[in-house]
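Notes to accompany the following structure.
We count ligands from 1, going down the list as the structure has it; atoms in each ligand are counted the same way. Bear in mind the structure is a predicted one, so any value in this text is a computation, not a measurement.
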Amino acid sequence: MSNKKSDKNKKLWGGRFEETTSPFVERFTASVSFDNCLYQYDIEGSVAHAKMLGKVGILTEGEVADIVRGLEEIQEEIADQKFHWSTELEDVHMNIESALTDRIGEAGKKLHTGRSRNDQIATDLRLYARSQIDEICELITKFQKALIELAEKEASTILPGFTHLQTAQPVTFGHHMMAWFEMLNRDFGRFQDCRKRVNRSPLGSAALAGTTFPIDRNYTSERLRFDSPCANSLDAVSDRDFVIELASTGTLLMTHLSRFSEEIVLWTSTQFNFIELPDSFCTGSSIMPQKKNPDVPELIRGKFGRVAGAHTALISIMKSQPLAYNKDNQEDKEPLFDLIETIKDCLYAYGQMVSAIKCNRDAMENAASKGFATATDLADYLVKKGTSFRDAHEIVGNVVSYAIREQLLLTEIPLDKLIQFAPNIEQDVFTILTLDGSVHARNHFGGTSPEQVLNAVNDAKILLDQR
Ligand code: ARG
């Protein structure tokens, strides 16, 4: 039969096989088309493994030197896009190992001593995840810096604060930006925390049970800048919690970005007109000449779906898997890579976009002056003059109802009219009814006053300097 194996189509694992792999199965099981992006981590892991084999006397110095040189040459070839990736060789690991043996001969065949693709892929993936977390954290920091700058510039700009998307109380734009800063800060912390669990070395766990060779797992762990080797070989080759955790941390970050996006979309609408985005971050309509669409925040809002979908895929891939390694785990690569690239793009976009936001201060203030945003201030005023809060609430409710009927702002109601609602109201009420008076009055830690915004900005700068 034609599918009897010949030397030409022999697999690295082909010893016990009589027949060649079906072309369909070859295509179906191969991962090289997407895992080849792990090549630098694969090579880094192989160099560490080879040096360890040399150190414990399994390989000679000469063999180690040949392997390291060969791997370095292959790395360069791949970076220069001169490397030929072959589907028959299934994955990134066997493509590189096979190229190494072609290049240096016998020593190349010894590299896989005391190792399996199972601990190899787990190692590659952790090295990848670690470096991606570091990139993501840098992007978060840049985004936070942009938020701080904008908050400082707009520390006393007033806009309506909303609950239920109904005008609630006046807030400062700087305070609003610092709310985003806080969210991003928690995201940063979660990525850092996840990094601790990522940064363990599975190398040396081999297929699942460890190896009969006198390996030195601490040596490879240290060389690869891991904190320590994973403590159980079965767990080490099968654990993808770190991938799922990274995805879930990313999903929560995307939740925040989607919320911010929603606000930007609202704020750039003609009806709100609170802010303007740079032309370079918007697009037009092919039919309506007046349009300037906030495509970037809209897309980011939509990209939440990809990331949340990837997270769902990853957790579903792991569910019910028995110990130890199972091929199911090959399915983790594409969702993970996709979600990481998506998150990095979105964070980059936000850093750029926020530094370029132009505030339309008059429109914000004008909006804040409508909707009786200082009604709570009036109630607080009455309480300070001896009225109980519940009575004050009722009185101000009546005042608002009157103002709606008469089409007046609270500041436009004359004092002698206000006194009819509550005799303890005096001339000084008009200061507390202004937007400025309202935000300045909330002058405590975490409050919206311009002074507090500047304090928060200061604290934030110190925090970022310590990173
Ligand atoms: N491509 C595999 C993965 O992504 C690598 C490990 C394969 N191990 C094996 N025994 N087939 O998980």
Got a salt bridge between D332 and R240, using NZ or NE/NH1/NH2 to carboxylate O under 4.0 Å?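 Salt bridge: yes.
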If you compare all heavy atoms of L127 against all heavy atoms of L224, which two are closest, and at what distance to 0.1 Å?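 Between these two residues, the closest heavy atoms are CD2-O, 3.9 Å.
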Options Q330, R117, E331, ranked by nearest heavy atom to atom 2 (C) of ligand 1, top entry: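 Shortest heavy-atom distance from atom 2 (C) of ligand 1: Q330.
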Ligand-residue contact atoms, ligand 1 with K333, heavy atoms, under 4.0 Å: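 What qualifies from ligand 1 is 3 (C), 4 (O), 12 (O).
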Which of the ligand 1 atoms, numbered from 1, are nearer than 4.0 Å to a heavy atom of S31: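 Atoms satisfying the 4.0 Å criterion: 1 (N).
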For residues H176 and W267, establish whether the separation of their ring centroids is below 6.0 Å.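 They qualify: ring centres under 6.0 Å apart.
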Which protein non-hydrogen atom lies closest to atom 12 (O) of ligand 1, naming both residue and atom, and how far is it?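 Scanning the protein heavy atoms, the shortest distance from atom 12 (O) of ligand 1 goes to Y325 OH, 2.5 Å.
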When you measure from atom 8 (N) of ligand 1 to every protein heavy atom, which one gives the shortest distance, and what is it?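 For atom 8 (N) of ligand 1, the nearest protein heavy atom comes out as N118 OD1, 2.9 Å.
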Hydrogens and angles aside, do Q132 and R195 bring a side-chain donor and acceptor to less than 3.5 Å of each other?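 Judged by distance alone, the side chains do not pair up.
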Side chains of E90 and N95: any donor to acceptor distance under 3.5 Å?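 No, no side-chain donor-acceptor contact under 3.5 Å.
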Quick one: does ligand 1 sit under 4.0 Å from the side chain of H93, the backbone, both or neither, non-hydrogen atoms only?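 Answer for H93: side chain.
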Any nitrogen or oxygen of E90 lying under 3.5 Å from a nitrogen or oxygen in ligand 1? Just yes or no.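 No; the residue has no nitrogen or oxygen that sits under 3.5 Å from a nitrogen or oxygen of the ligand.
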Do we get R217 above F226's six-membered ring, with its NZ or CZ under 6.0 Å from the centre and within 45° of the axis?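 Judged by the rule (NZ or CZ under 6.0 Å from the ring centre, within 45° of its axis), R217 is not positioned above F226.
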